[in-house]
Each structure stands twice: as structure tokens, then as C-alpha cells.
Amino acid sequence: MQYEFLDDTDFEDLLRDYDNVLTDEEIFNSRAATLGGKTFYRSSASVDEFLTEIVHEGSHVIDNILKKKMLREDKAKKEIDEIIGNNWEQEIRAYSHERDWQLKIGITPEYKSIQEIEKHVKAKYPKHL
């Protein structure tokens, strides 16, 4: 697992350069992103925010490790997608892990329900990458 901490300016520039679709508000509200197998964290995040992002981005890291393992085993893309899920399913899983973590440590979760997570994911993320 590769990771890097960036100051606010570098983190925001990275997201702008990587994805022209994100709005300035979305970039400003982001605290972490996994891009090209490396996870980037905003160094100004609080400890609670950082640990929450570790849980969320860690879910993606696990998915990516499983995908690579299945590719080495010559599994078909369709079979991998059935096991790992499409982008929406992966994001919903990551946000659900994040929400569970927030509840367990006693902080108010960003999303009050799985339905709110699903609504957010379907509005902000493509179904397939």
C-alpha cells in the first residue's frame, strides 16, 4: 500500500489535474483519494477525519488487491466484477465501512443511513469505470 500526505494546495491540484469533473466544492471537501494504486491524504485532516479516510480508502485497497489476485488467477473481468462489484457497489461498501467506523468511535456519521450513502454514490460516481 503506497500513500502520501499532501498539503491542501498540492492535494487540491492533484484532484483538479486527475479529474476535471470534480467541482471546487467537491475538491475542497475531499480528504483522501486513491489514484493509480496510491492513496493521497490531505495533511490538514484531523485525526478522526484521517482515520475515517483510512477505513474508506482501505476498502478500495482491499478491492484492488483482490482484483489483482483474481487477474493473476486468469479470472474473467465479468467474474471479477460479480465478486468485487461495480464502482457504485465498491463505493457503497467503502462508505458503509466508513459509517460503521464513525458509529463505533462515537462520532456523528457523515451519512445517517445506507440509503443516504446509496443516493450520494449514485449522484456523484459513475457506475462503471
Side-chain angles (χ1 to χ4, degrees):
M1 183 169 138
Q2 296 181 353
Y3 59 90
E4 186 174 341
F5 294 91
L6 300 173
D7 66 28
D8 289 342
T9 301
D10 289 342
F11 183 82
E12 291 166 11
D13 288 346
L14 174 78
L15 291 184
R16 277 190 192 90
D17 291 345
Y18 183 79
D19 189 343
N20 292 325
V21 176
L22 292 173
T23 66
D24 284 342
E25 181 181 359
E26 290 169 327
I27 290 170
F28 180 77
N29 290 327
S30 296
R31 296 180 304 255
T34 299
L35 309 171
K38 187 173 187 180
T39 304
F40 298 89
Y41 296 96
R42 191 184 284 269
S43 62
S44 64
S46 71
V47 172
D48 285 347
E49 290 171 333
F50 171 68
L51 292 174
T52 296
E53 293 305 327
I54 289 280
V55 170
H56 180 106
E57 296 302 328
S59 178
H60 295 313
V61 169
I62 291 167
D63 286 342
N64 289 333
I65 289 169
L66 289 172
K67 283 180 201 175
K68 287 178 184 176
K69 179 181 181 275
M70 287 185 273
L71 285 170
R72 284 192 307 271
E73 295 169 351
D74 292 325
K75 295 204 184 290
K77 183 182 180 331
K78 182 178 179 183
E79 184 178 1
I80 294 171
D81 288 347
E82 288 172 2
I83 294 168
I84 301 291
N86 62 42
N87 191 49
W88 281 354
E89 292 163 331
Q90 292 174 50
E91 286 296 339
I92 290 167
R93 184 170 45 253
Y95 277 107
S96 295
H97 291 162
E98 178 181 324
R99 182 177 179 280
D100 290 345
W101 163 257
Q102 291 167 333
L103 289 168
K104 284 182 180 160
I105 65 168
I107 61 174
T108 303
E110 186 174 358
Y111 299 98
K112 295 185 185 354
S113 67
I114 299 301
Q115 292 77 17
E116 278 188 24
I117 291 171
E118 290 172 349
K119 183 178 177 182
H120 166 74
V121 167
K122 290 177 179 179
K124 297 293 180 182
Y125 293 88
K127 185 172 185 177
H128 300 282
L129 292 178

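Reckoned from all heavy atoms, side chains included, excluding hydrogens, waters and symmetry mates. Note that the coordinates shown come from a computational prediction; the quantities given were computed from them, not determined experimentally. Numbers for residues simply follow the sequence, beginning at 1.
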message: Going by side chain to side chain contact (heavy atoms under 4.5 Å, CB included), Glu91 matches just one of Glu118, His60, Lys124. Which one?
response: His60
For a quick test of reading the model, state the closest non-hydrogen atom pair linking [X] to [Y] and the distance between them.
| X | Y | value |
| --- | --- | --- |
| Ile27 | Arg42 | O-NH2, 2.9 Å |
| Arg99 | Ser113 | NE-N, 3.6 Å |
| Phe5 | Ser43 | CB-CB, 4.3 Å |
| Ala94 | Ser59 | CA-OG, 3.7 Å |

Any side-chain heavy-atom pair of [X] and [Y] under 4.5 Å:
| X | Y | answer |
| --- | --- | --- |
| Glu110 | Ile117 | no |
| Leu35 | Leu14 | yes |
| Thr39 | His56 | no |
| Tyr95 | Glu98 | yes |

Are the charged groups of [X] and [Y] less than 4.0 angstrom apart, N to O?
| X | Y | answer |
| --- | --- | --- |
| Lys112 | Glu116 | no |
| Asp63 | Lys67 | no |
| Glu73 | Lys69 | yes |

When hydrophobic residues are tied together by side-chain contacts of less than 4.5 Å, even through go-betweens, does [X] share a cluster with [Y]?
| X | Y | value |
| --- | --- | --- |
| Trp88 | Ile114 | yes |
| Leu103 | Leu51 | no |
| Val47 | Ile105 | yes |
| Ile62 | Ile92 | no |
| Tyr18 | Phe11 | yes |

task: Give the C-alpha distance, both sets of side-chain angles, the deciding distance and a yes or no for ring pair (Phe, Tyr, Trp, His ring centres under 6.0 Å) between Phe50 and Tyr41.
output: CA-CA 8 Å; Phe50 171 68; Tyr41 296 96; 5.1 Å; yes
- prompt: Is the number of heavy atoms from other residues, nucleotides or ligands within 6.0 Å of CD (Glu25) greater than 12?
  reply: no
query: Does NZ belonging to Lys38 count more than 12 external heavy atoms closer than 6.0 Å?
result: yes
message: Classify the ring geometry of Tyr111 against His120: parallel below 30°, tilted from 30° to 60°, perpendicular beyond 60°.
response: tilted
query: Just how far is it from atom CZ of Arg31 to atom OG of Ser46, taken to the nearest 0.5 Å?
result: 7.5 Å
- request: Say whether, by atom type as modelled, one donor and one acceptor occur between the side chain of Asn87 and the main chain of Leu129 under 3.5 angstrom.
  value: no
